[in-house]
Amino acid sequence: LQWSSPPEAIELFKSQEIWIPPPQFYEFCRLCNFSSLSELHKFGAERALEGCERWMPVLLTAADGYIQLLPGDELYPEDPDYTGEKKITMSTDKKVEDLMKEGSTFHRIVIKNIHNLAIYVNIQAEYKHMNPLMINCDSSDYNSKL
């Protein structure tokens with residue numbers, strides 16, 4: 001068992017020494033905004049009064065990978081399946097790169113494989129939340145429209 005700071009954990013993930021599931025990877029990237037635990041605690045105490053929202057990542061299967069769509073993304077469905085009863089599947093024959101080049105409003109995690117994740121966010125976070133730092137674990141660069 002090893003304690004690591006969020007940036008250290010992300011580096012361990014990049015080097016494939018550990019695996020971090022996409023939702024936790026997203027949160028580690030948000031935690032990278034804070035240089036100390038006291039700074040995070042202060043932010044949390046102030047932000048808690050603003051409220052919260054329910055999130056349901058929606059998986060879009062592309063020809064060469066996956067994209068977890070999050071609220072605010074232009075491809076996020078208007079009525080996501082919060083319970084799993086609707087069995088909604090989203091898929092496309094397009095490649096991830098094409099979807100990224102065509103898009104302009106992003107709040108997503110691009111997944112090429114279990115150790116190749118990238119976060120793209122160019123929307124304002126709700127309820128005074130902090131957006132994650134956009135960390136890319138591969139060499140792709142879809143930042144041209146961000």
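What you see is a predicted model, and the numbers here were worked out from it, not measured in a lab.
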List the residues meeting side chain to side chain donor-acceptor pair (under 3.5 Å) with W55, not counting sequence neighbours, and say none if there are none. E53
Taking C-beta and beyond as the side chain, do T92 and L99 meet within less than 4.5 Å on heavy atoms? yes
What residues form a side chain to side chain donor-acceptor pair (under 3.5 Å) with D79, not counting sequence neighbours? K86
Checking S5 now: which residues fulfil side chain to side chain donor-acceptor pair (under 3.5 Å) with it, not counting sequence neighbours? E8
Please tell me if the side chains of L69 and L59 come closer than 4.5 Å, counting only heavy atoms from C-beta onward. no
Shortest non-hydrogen contact from A9 to I20? O-CD1, 3.7 Å
Considering residues at least two apart in sequence or located in another chain, which fulfil the side chain to side chain donor-acceptor pair (under 3.5 Å) criterion with E46? K42
Partners meeting side chain to side chain contact (heavy atoms under 4.5 Å, CB included) with E17 (sequence neighbours left out): L12, S15
Donor-acceptor contact below 3.5 Å, side chain N122 vs main chain S104: yes
Name all pairs fulfilling the side-chain hydrogen bond (donor to acceptor under 3.5 Å, both in side chains) condition that reach into residues 23-33, sequence neighbours left out, sorted by first residue then second. Y26-H107, E27-R30, R30-H129
Atom CG of D98 and atom CG of D93: how far apart are they, to the nearest 0.5 Å? 11.5 Å
Straight-line distance of C32 SG to I10 CD1, nearest 0.5 Å: 3.5 Å
Quick one, T105 and I123 - any side-chain contact, counting heavy atoms below 4.5 Å? yes
With sequence neighbours left out, the residues meeting side chain to side chain contact (heavy atoms under 4.5 Å, CB included) with E50 are R47, Y127, K128
List the atom pairs, with distances to 0.1 Å, where a side-chain N or O of residues 61-68 and a protein N or O form a donor-acceptor pair under 3.5 Å, not counting sequence neighbours.
| unit_1 | atom_1 | unit_2 | atom_2 | d |
| --- | --- | --- | --- | --- |
| D64 | OD1 | V96 | N | 2.8 |

N131 (side chain) donor-acceptor with Q124 (main chain) under 3.5 angstrom: no
Distance in Å, L37 CG paired with L40 CG, rounded so as to fall on 0.5 Å steps: 6.0 Å
CG-CE distance between L75 and M90, expressed to the nearest 0.5 angstrom: 6.0 Å
Is the side chain of W19 donor-acceptor paired with the backbone N or O of I114 at a distance under 3.5 Å, no angle test? yes
Ring geometry between Y120 and F106 (parallel below 30°, tilted from 30 to 60°, perpendicular above 60°): perpendicular
Do D81 and M56 have side chains that get closer than 4.5 Å, going by heavy atoms? no
Under the salt bridge (charged side-chain N to carboxylate O under 4.0 Å, His left out) test, residues paired with K95 that sit two or more places apart: none
Contacts of type salt bridge (charged side-chain N to carboxylate O under 4.0 Å, His left out), residue E74, not counting sequence neighbours: none
Just to verify, what does S38 make a side chain to side chain contact (heavy atoms under 4.5 Å, CB included) with, not counting sequence neighbours? S36
Pairwise ring-ring contact (aromatic ring centres under 6.0 Å, His included) hits with a residue in residues 85-104, at least two apart: none
As an exercise, state the distance from CG of L117 to CZ of F25, rounded to the nearest 0.5 Å. 5.5 Å
Kindly give the heavy-atom pair with the smallest separation between P132 and I119, and that separation in Å. CG-CG2, 3.8 Å
Side chains of H115 and K14, heavy atoms from C-beta outward: is any pair under 4.5 Å? no
